[in-house]
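Remember, predicted model here, so these are calculated numbers, not experimental data.
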Amino acid sequence: MPTKTIPILETKRLILRGPEPEDYPNFKATFASYRSRFMGGPLNAYETWMLYAAEIGHWNIRGYGMWMIHDKETDETLGMAGGWFPAKWPEREIAWIIWPEKAGHGYALESTHAVRRYFYNELGWDGAVSYIDPKNLDSIRLAERLGAVKDKSAPSVDGHDVVYRHPSPETLASSQIGDAIEMEISHYADPMFKPKGYALD
């Protein structure tokens, strides 16, 4: 089977590229750490390897997947964001994770905003959800900043997550949600900006 050509996305501070073998050490370190506790971790070495293989294979099977987030200036990896729809998932998901030492700089907001725009504008998605552990308050806050709202009627993956439904393309186009996200991203891009309170992704 030919390898899926993965599009490259660019934002103010970031370049999003498909996962490569050289990105694996950061992925392994994160999913073996406490940071991954809301995503099925911490994982052992075999589980982490299998998950990373699935990240790469998802692109060939589904035609979309998770991008690796790179700093535009240094090219270091910061985390992952993209689409996720494995077997038995009720709906297509928009997901993200930032490496522990890179959290609190708005990278998840900036990258997730970009991948959602790609899915809507280029792939024609009419919506998406995010499945979030109810104890993962950082991700819940991020979903809400993206305009997603809790959908109590939507089926969950395993009964232990809450479903946040992202606004449709039409809602985004006719509301101020997108403008508010762009404004917040511009604040994070300002080297003098210091978020108040607890740092959010």
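Applying the side chain to side chain contact (heavy atoms under 4.5 Å, CB included) test between H70 and each of L14, T77, L16 identifies T77 as the sole match.
One finds no salt bridge joining K12 and E110 here, because no Lys/Arg side-chain nitrogen approaches an Asp/Glu carboxylate oxygen to under 4.0 Å. A salt bridge links R17 with D75: the closest approach of a Lys/Arg side-chain nitrogen to an acidic carboxylate oxygen falls below 4.0 angstrom. With respect to the salt-bridge test (charged N to carboxylate O, under 4.0 angstrom), the residues R145 and E182 do not qualify.
Contacts classified as salt bridge (charged side-chain N to carboxylate O under 4.0 Å, His left out) and involving residues 148-164 (residues at least two apart or in different chains) are given here: D151-R165.
The aromatic rings of W59 and W67 lie perpendicular to each other, with more than 60° between the two planes, well past the 30° mark. Taking the six-membered ring where the residue is Trp, Y24 and Y52 present tilted rings, their angle falling between 30° and 60°.
M50 and F27 fall within a single hydrophobic cluster, where Ile, Leu, Val, Met, Phe, Trp and Tyr side chains are chained together by heavy-atom contacts under 4.5 Å.
Residues H113 and Y118 fail the side-chain proximity criterion, which asks for heavy atoms closer than 4.5 Å. Within the 4.5 Å cutoff, the side chain of R92 has no heavy atoms near those of the V129 side chain. Contact annotation: the side chain of R116 approaches that of L172 to within less than 4.5 Å [non-hydrogen atoms, C-beta and beyond].
Between F85 and H58, the ring center distance fails the sub-6.0 Å criterion. Outside the 6.0 Å centre-distance limit, the rings of W99 and Y107 are not counted as a close aromatic pair.
Applying the side-chain hydrogen bond (donor to acceptor under 3.5 Å, both in side chains) rule to W89 yields the partners E93; only residues at least two apart in sequence or on another chain are considered.
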